[in-house]
There are 2 protein chains.
Amino acid sequence: MKELHHPAIENVALEHMFQALSDPVRTEIVNRLATMTEATCTMLNAGRPKSSMSHHYRVLRDSGLIRTRIKGTMHINTLRRAELDLRFPGLLDAVLGAIGVNAGKEAEDEAKGGGA
Amino acid sequence: MKELHHPAIENVALEHMFQALSDPVRTEIVNRLATMTEATCTMLNAGRPKSSMSHHYRVLRDSGLIRTRIKGTMHINTLRRAELDLRFPGLLDAVLGAIGVNAGKEAEDEAKGGGA
DNA sequence: CCTAACGTTCGCTTGTATTCGAACAATAGA
DNA sequence: TCTATTGTTCGAATACAAGCGAACGTTAGG
């Protein structure tokens, strides 16, 4: 079993978290994980090549935002909610809320023809 | 009077904000502004060359996090707290709290010799 | 053992950020 | 007007991140 690396919660750096969240592909992953609680990589690959997505999972893992556990041939991803809430109280909830707001706005923009 | 550009609050994108916050120099600026309410650029330049710092102010401005108003020869920076709280309720407070936690941790690490 | 499925890792290209000196613009004061 | 001060802008070097095909490793099933 090939273990993947996850930083200890005390070593999670705020800057790395923000960096991880600065890419729309990754905020979308985080957003989905927030509602689905867990998901395999293929469930989250939106038609994109897997090498690209694997890169994003790694960034999210290294930043401390998600945890990936291996079951059979597939990798199951979850948000590290409880741990993160201990480390940075209230932050993840606020971020998830904002991602939701942002996602809503993007949908609006698209409806107005701004996203096409 | 040379006006600087600030995005309208509706056009502030979450990803840009996170990107702006992904650099320790900038989180420090934000952290200081959170306690000082306002500060000129020289007050925030920690011995670094001003062209570098000016770049960071610009990133923070473009991301929507700070506002710079010009008074005489100096530029006075403030956080766009109220506006941001309307756009992403609770986010900025959580971020400021986290930056504080992070800053505290870094001070600890340094005391332990990890930061040298 | 052989093959298919799931993701990671490698190597490369392209694009974007950071850094900093030097030149510039705007204001204040002598 | 001349000079000092405050910050921005330009330009170039360097470093970092995204994207993707191809090769690889691991597990499941035949």
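Note on naming: letters A, B, ... go to the chains in the order of the sequence lines (proteins, then strands), and numbering restarts at 1 for each one.
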A94(A): side-chain contact (heavy atoms from CB on, under 4.5 Å) partners, not counting sequence neighbours: L91(B), A94(B)

Mind jotting down which residue pairs meet the ring pair (Phe, Tyr, Trp, His ring centres under 6.0 Å) criterion with at least one end in residues 29-60 of chain B? Sequence neighbours excluded, please. none

Taking only nitrogen or oxygen atoms into account, show me every contact under 3.5 Å that the protein makes with nucleotides 19-22 of chain D, one pair per line with its distance.
residue: dG19(D); atom: OP2; partner: H56(A); partner atom: NE2; Å: 2.8
residue: dC20(D); atom: OP2; partner: S52(A); partner atom: OG; Å: 3.3
residue: dG21(D); atom: N7; partner: S51(A); partner atom: OG; Å: 3.0
residue: dG21(D); atom: O6; partner: S51(A); partner atom: OG; Å: 3.2

Can you pull out every ring pair (Phe, Tyr, Trp, His ring centres under 6.0 Å) where at least one residue sits in residues 13-42 of chain A? Sequence neighbours excluded, please. F18(A)-F18(B)

With side-chain hydrogen bond (donor to acceptor under 3.5 Å, both in side chains) as the rule and sequence neighbours excluded, what pairs involving residues 73-84 of chain A come up? R67(A)-E83(A), T68(A)-N77(A), R80(A)-E83(A)

Integer-rounded Å distance: dA17(D) P and E15(B) CD: 17 Å

Among all residues two or more places apart in sequence or in another chain, which pass the side-chain contact (heavy atoms from CB on, under 4.5 Å) test with I76(A)? E38(A), T40(A), R69(A), K71(A)

For residues N11(A) and H6(A), determine if any side-chain heavy atom of one lies less than 4.5 Å from a side-chain heavy atom of the other. no

Do you see a donor-acceptor pair shorter than 3.5 Å between the side chains of Q19(B) and S63(B)? no

Starting at atom CD of Q19(A), determine the distance to atom P of dT16(C), rounded to an integer number of angstrom. 15 Å

Could you list by number each residue of residues 33-46 of chain B showing a heavy-atom separation from DNA chain D of less than 4.0 Å, or answer none if no residue does? T40(B), C41(B), T42(B)

Contact list for DNA chain C against residues 74-81 of chain B - heavy-atom distance below 4.0 Å: none

From CG (L96(B)) to CG (L79(B)), nearest 0.5 Å: 6.5 Å

Grab the CZ-P distance between R69(B) and dG7(D) for me, whole Å please. 13 Å

Suppose we screen for side chain to side chain donor-acceptor pair (under 3.5 Å). Which residues come up paired with R32(A), at least two apart in sequence or across chains? E28(A)

Starting at the 5' end of DNA chain D and moving along, which residue's nearest nucleotide shows up first, S54(B) or R26(A)? S54(B)

Hey, what are the protein-to-nucleotides 28-30 of chain D N/O distances that come in under 3.5 Å?
none

Rounded distance in Å - CZ (R58(B)) to C1' (dC20(C)): 16 Å

Quickly work out the D62(A) CG to dT8(C) C1' distance and round it to whole Å. 13 Å

Looking at residues at least two apart in the chain, or sitting in another chain, which of them share a ring-ring contact (aromatic ring centres under 6.0 Å, His included) with F88(A)? none

Rounded to the nearest 0.5 Å, how far does CG of L92(A) lie from CD1 of I99(A)? 8.0 Å

Rounded interatomic separation in angstrom, taking CE from M53(A) and P from dT9(C): 16 Å

Does some side-chain heavy atom of L60(A) sit less than 4.5 Å from a side-chain heavy atom of V30(A)? yes

Quick one: are T27(A) and E15(B) in side-chain contact, heavy atoms under 4.5 Å? yes

If I take atom CD in residue E3(B) and atom P in nucleotide dT9(D), what distance separates them, rounded to the nearest angstrom? 12 Å

Under the side-chain contact (heavy atoms from CB on, under 4.5 Å) test, which residues partner D62(B), sequence neighbours left out? H5(B), R58(B)

Taking atom P of dG7(C) as reference, at what distance in whole Å does atom CG of L60(A) sit? 15 Å

